[in-house]
There are 2 protein chains.
Amino acid sequence: MSSQAPHPTLLIPGPIEFDDAVLQSMAHYAESHVAPGFVKTFGETLTLVRKLFQSTNPAAQPFVISGSGTLGWDVVASSLVEKGENALVLHTGYFADSFAACLTTYGANATQLKAPIGERPSFEDIEQALKEKTYKIITITHVDTSTGVLSDIKRIAEIVRRVSPNTLVVVDGVCSVGCEEIAFDEWDLDVVLTASQKAIGCPPGLSILMTSGRAIDVFKNRQTPPASYYSSIGNWLPIMQNYENLKPSYFATPPTQLVHALHTTLSQITSRPMAERFAVHTQASDRVKAAVAELGLKQLAAKPENQAHAMTAIWLPEGLAPPDVLPGLLKRGVIFAAGLHKEAATKYIRFGHMGVSVSDPARKDIDNAIAALKEALTEAKQAKGL
Amino acid sequence: MSSQAPHPTLLIPGPIEFDDAVLQSMAHYAESHVAPGFVKTFGETLTLVRKLFQSTNPAAQPFVISGSGTLGWDVVASSLVEKGENALVLHTGYFADSFAACLTTYGANATQLKAPIGERPSFEDIEQALKEKTYKIITITHVDTSTGVLSDIKRIAEIVRRVSPNTLVVVDGVCSVGCEEIAFDEWDLDVVLTASQKAIGCPPGLSILMTSGRAIDVFKNRQTPPASYYSSIGNWLPIMQNYENLKPSYFATPPTQLVHALHTTLSQITSRPMAERFAVHTQASDRVKAAVAELGLKQLAAKPENQAHAMTAIWLPEGLAPPDVLPGLLKRGVIFAAGLHKEAATKYIRFGHMGVSVSDPARKDIDNAIAALKEALTEAKQAKGL
């Protein structure tokens, strides 16, 4: 039995449903951010982030910073790229445009490699682009929340290492970390940035980054000073290293309550092999995708290899828009999200299937949502005379 | 009776003790950040921020952003100052050095007007400095958490308006908002930036800013693009305006749980006249300062007009350092902070007296702390043979 007040089930691509224990962590009594109790909690949390990324390389460095997922872009753009350097931005939806805007703000030359909605740039085009110019970083949205497109970051990292070995591989994993397979060390990634409120199952308010030794070296060897204060790796690095070594340290007051919640959820997640967690999410995703097909609906990501396991972006039947369907879902206790991609926002809905909604066998969230979707669609079509 | 687990009373200059209802708000079930329920909560919270600042001018604009208090410096430095422009930084402790470092990062020429530890720059020196050069902004730490020095922001704002009317008056109110008197409109301030975890009584993780119409105009009339993405007023302004008008809007996912907690604490705070809250803090501060004097101890801020009501920074007797005294306080259930000012950190301790510890008449936090301080000092002196 959940201790939470009755509420509709939140199945958007983040924030997601919270586990009771995670929520209860938020109600921890006040602590000094530099006292031994909290220092231990924060230090352990950083070590748990390593486990989340299946990373054992001591040169890799986790960061947990007070801020939204968006802040991770600023950390990358202001710390790892210098004015006038090139960034190759792989575009699979809304979030590449925003990351490019962030990079440009700090003076990078951002080149976007775009694909039509639901598609992703081909490996050949990526290789070609990397050969044409020297890129300081390449950015990849692992799962674009606006389209549900999954990128093959392992394969792209292989291409980068072969063609342009000094280019930093930067993954926007906001909607992937905690449910899509990531082997940080083994795949030789340089940055994976994420947020607390998606597959990690923590409330929003934490920007989380995993960085390679190579990325930290790039920061340390900058020719110009970092372009931000709050987002500078240099200001946070000693803090993270000290806390993980159980030494108090101060740059900015950490969000103590959220760190407790992150500690709780990461302890839960890493108590089982990550492979098992990825498999559970794949199974739930397969079930959703099969049900969507059975309803005669198509996904924005048409090709199976492009389809995220975190979420499903579903084209609505001709003549229906999100406001025709979402209230019918809500009436049945289920919350989906409307479309987000600028060019098609009124034509599709998004179903997030991450975290406790798929990993807790006691919950029937996914079955209920599939049933609700079926009923709400039928009702909406009838109302429109379709 | 508190629902919180037994714990030592946190009387550092932030984070502070939490009210039960505020903590319970953190355990709210998951919500979509763009659904009507949360939009209303966030919108109302922004309106409550106006009340907190006693502001009724519709041109003034509150911001509530996911991040530490430190982030507020970046918002100012990247949005309101352009490369090569001058900033006058009034120095009353540690935090002026950091704000100056932040301003410099974004290309401002930061000039610090320094005073000895425990003092503040004189009004004459401030006026003189403003006459010598054109400053885009002047920054004032309202209460410097490292020294307990209070600045007279009302008087300084008057000087600025008389001598250099276009200079933006920027107040670092991290350790003052919610307990020191601030009349945002009446005193003609341009920015007051603060954080959630001090006198506001909310857990850490929110950067809160109040800005004047003049400040917003300065942002809109920039000659160069904003120097940050996450900290740009331009990216947050439409979001804040939309939420306050109860329209969902997206730039970055807001920290839903913390916004609930802020809503709860601001509802409590603004349910009574702000003048009453300031008076309660002044009374508690007077009591602490009298007790400190009775113990034969001196404050870093020697002159009464320099002394904050939020906290007291206390010189230890010759021969004692914080590690000699803080454990004795902890043994008695009270947590104070060690010194922070680089030049004197080992010679003083800090006692925070903000929020429920002073405003809730059922609590005896201040009396208990004064008694504990007396005993811990006696014990420490005996142990050292002093």
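For clarity, every value in this text was computed on a predicted model and none was experimentally measured. Proteins get letters first, then strands, A, B, ... in listed order; numbering begins at 1 in each.
- Heavy-atom distances place no part of B:Leu330 under 4.5 Å from chain A, backbone and side chain included.
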Using a 3.5 Å cut-off and no angle test, enumerate the donor-acceptor pairs between side-chain atoms of residues 4-15 of chain A and protein atoms at least two apart in sequence or in another chain.
{"from": "A:Gln4", "atom 1": "NE2", "to": "A:Phe18", "atom 2": "O", "distance (Å)": "2.8"}
{"from": "A:Gln4", "atom 1": "NE2", "to": "A:Asp20", "atom 2": "OD1", "distance (Å)": "2.8"}
{"from": "A:His7", "atom 1": "ND1", "to": "A:Ala5", "atom 2": "O", "distance (Å)": "2.8"}
{"from": "A:His7", "atom 1": "NE2", "to": "A:Glu17", "atom 2": "OE1", "distance (Å)": "3.0"}
{"from": "A:His7", "atom 1": "NE2", "to": "A:Glu17", "atom 2": "OE2", "distance (Å)": "3.2"}

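- Only the side chain of A:Tyr106 has a heavy atom closer than 4.5 Å to any heavy atom of chain B.
- Of the atoms belonging to A:Leu103, not a single heavy atom falls under 4.5 Å from chain B.
- With a 4.5 angstrom heavy-atom cutoff, A:Ala77 does not touch chain B via any of its atoms.
- No other option in B:Ala252, B:Pro204, B:Pro255 has as many heavy-atom pairs under 4.5 Å with chain A as B:Pro204.
- Residue contact with chain B, scored on non-hydrogen atoms closer than 4.5 Å, involves the backbone and the side chain of A:Leu71 alike.
- Classification of the B:Tyr230-B:Trp236 ring pair by plane angle, with boundaries at 30° and 60°, yields perpendicular.
- Under the 30°/60° scheme for interplanar angles, the aromatic rings of A:His28 and A:His260 are found to lie parallel.
- The minimum heavy-atom distance between B:Val81 and B:Arg222, with the atom names listed, is O-NH1, 3.2 Å.
- The parts of A:Ala27 that come within reach of chain B are both its backbone and its side chain, each placing non-hydrogen atoms under 4.5 angstrom from that chain.
- In this structure, the portion of A:Phe95 lying under 4.5 Å from any heavy atom of chain B is its side chain and not its backbone.
- Of all heavy-atom pairs between B:Ala338 and B:Leu326, the closest is N-CD1, 3.8 Å.
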Just do the ring pair (Phe, Tyr, Trp, His ring centres under 6.0 Å) check on B:Phe251 and B:Tyr229 with the steps written out, would you?
CA-CA 11 Å; B:Phe251 168 61; B:Tyr229 185 74; 5.3 Å; yes

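- Annotation for B:Gly201 and B:Val22: closest pair O-CG1, 3.6 Å, computed over non-hydrogen atoms.
- With a 4.5 Å cut-off on non-hydrogen atoms, A:Ser98 touches chain B through its backbone and its side chain both.
- In this structure, the portion of B:Tyr94 lying under 4.5 Å from any heavy atom of chain A is its side chain and not its backbone.
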